[in-house]
There are 2 protein chains.
Amino acid sequence: MNIQFNNRDPVYVQVVRHFKNQIAKGFLQPGQAIPSRRELANQLKINPNTAQRAYKEMEEEGLIKTEKNQPSRVTSNESILQDLRDELIIQAVNEFVTSVKSINVPLDDALTLVKQKYEGEKGDSDD
Amino acid sequence: MNIQFNNRDPVYVQVVRHFKNQIAKGFLQPGQAIPSRRELANQLKINPNTAQRAYKEMEEEGLIKTEKNQPSRVTSNESILQDLRDELIIQAVNEFVTSVKSINVPLDDALTLVKQKYEGEKGDSDD
DNA sequence: ATCGGTGTATTAAGCACTTAATACATATTT
DNA sequence: AAATATGTATTAAGTGCTTAATACACCGAT
């Protein structure tokens with residue numbers, strides 16, 4: 001567990017994004033336990049309330065479930081998990097297409113650039 | 001001249017983005033005059049200082065030039081204009097590739113989705 | 001039963017940033 | 001010369017939001 005924080009986005013947003021990526025990637029499995037608020041706060045050197053804020057967001061989106069005196073767990077609702085992945089993809093596509101169309105980049109150029117960039121980098125990014 | 005403002009980003013940022021798109025698209029030509037701060041403020045119903053803020057940003061990036069008692073003009077520096085377009089494109093590509101790689105979307109899937117989205121929409125967006 | 005860990009809620013503090021208000025110098029026009 | 005429009009700078013106000021502080025109830029283990 002390690003997150004490279006930037007100074008631009010709020011910490012809790014970055015934490016949520018990190019978990020979403022982990023989940024969408026399948027690195028965090030359905031039903032899998034995740035650290036407690038205070039434990040996560042310790043690991044990431046953030047305030048416990050910030051961790052709570054992140055977990056609350058995920059809870060409200062149905063990504064994690066928390067039961068009395070049990071560690072929070074990734075939801076086992078496959079539909080939600082599928083939706084998460086779809087949403088992340090769709091959002092990325094929409095933003096990209098909007099951007100390139102707004103400055104009249106031809107489709108083929110855009111595709112070529114994506115291909116080059118995608119293949120040009122070795123490892124996966126994580127957040 | 002018309003901008004559809006959202007409530008998320010600062011107004012001056014949206015103004016800058018609008019001009020950047022117009023320039024990158026070639027809709028605003030090199031050397032072409034743009035409205036005065038107060039005139040733009042009137043047109044867009046924004047505070048003159050907000051217009052000034054936007055122009056200042058563009059001035060600092062070398063996108064526009066302002067000479068004493070002349071309307072501000074789009075720079076005639078072709079290199080800057082080319083860089084602008086390149087930057088917008090590269091940024092869009094980077095963000096997109098980072099996003100899809102972070103959740104292990106295969107390249108072919110990504111390309112297909114972009115193609116579909118691109119072709120699926122008729123008009124260009126403007127900001 | 002006491003202690004430590006957990007989730008949660010409320011409130012306060014802090015902070016960065018945008019927008020607004022105001023003023024000034026200059027130049028062009030009437 | 002007066003008036004109008006321009007760019008620019010300084011300062012103030014407002015505002016939304018993140019983060020921190022604190023407290024409470026619950027449960028399991030010692």
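Bear in mind that the values here come from a model prediction, so they are computed numbers and not experimental data. We use all heavy atoms of the structure for the numbers below, so side chains are in, but hydrogens, waters and symmetry mates are not.
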Between N or O atoms, less than 3.5 Å apart, protein on one side and nucleotides 16-18 of chain C on the other: list the pairs.
from	atom 1	to	atom 2	distance (Å)
C/dT18	OP1	B/Tyr12	OH	2.5
C/dT18	OP2	B/Tyr12	OH	3.4
C/dT18	OP2	B/Arg53	NH2	3.1

Results of side chain to side chain contact (heavy atoms under 4.5 Å, CB included) for B/Ile80 - residues two or more places apart only: B/Leu63, B/Thr75, B/Asn77

Each nucleotide N or O in nucleotides 10-16 of chain D that has a protein N or O under 3.5 Å away: list the pair and distance.
none

Which residues end up grouped with B/Phe27 if you chain together Ile, Leu, Val, Met, Phe, Trp and Tyr wherever their side-chain heavy atoms are less than 4.5 Å apart? none

Residue pairs involving residues 30-59 of chain A (criterion salt bridge (Lys or Arg N to Asp or Glu O under 4.0 Å); sequence neighbours excluded): A/Arg53-A/Glu57

Give each protein N/O atom lying under 3.5 Å from an N/O atom of nucleotides 27-30 of chain C, with the pair distance.
from	atom 1	to	atom 2	distance (Å)
C/dA27	O4'	B/Asn69	OD1	3.1
C/dA27	O4'	B/Asn69	ND2	3.1
C/dA27	O3'	B/Asn69	ND2	3.0

Of the options D/dT8, C/dT6, D/dA20, whose atoms approach the side-chain atoms of A/Glu39 most closely? C/dT6

B/Asn6: what forms a side chain to side chain contact (heavy atoms under 4.5 Å, CB included) with it, not counting sequence neighbours? B/Arg8, B/Asp9, B/Gln14, B/Arg17

Among C/dA23, D/dA21, C/dT6, the one nearest A/Asn47 by side-chain distance: D/dA21

According to side chain to side chain contact (heavy atoms under 4.5 Å, CB included), who are the partners of A/Glu78, at least two apart in sequence or on a separate chain? A/Pro30, A/Leu81

Pairing residues for A/Asn69 by the side chain to side chain contact (heavy atoms under 4.5 Å, CB included) criterion, not counting sequence neighbours: none

Kindly list each side-chain donor-acceptor pair under 3.5 angstrom involving residues 84-93 of chain A, sequence neighbours excluded, with atom names and distances?
from	atom 1	to	atom 2	distance (Å)
A/Arg85	NE	A/Ala24	O	3.3
A/Arg85	NH2	B/Ile103	O	2.6
A/Arg85	NH2	B/Asn104	O	3.2
A/Asp86	OD1	A/Gln82	NE2	3.2
A/Gln91	NE2	A/Glu95	OE2	3.4

Can you name the salt bridge (charged side-chain N to carboxylate O under 4.0 Å, His left out) partners of A/Glu61, sequence neighbours left out? A/Lys20

Which ILVMFWY residues can you reach from B/Tyr12 by hopping between side chains whose heavy atoms are under 4.5 Å apart? B/Val13

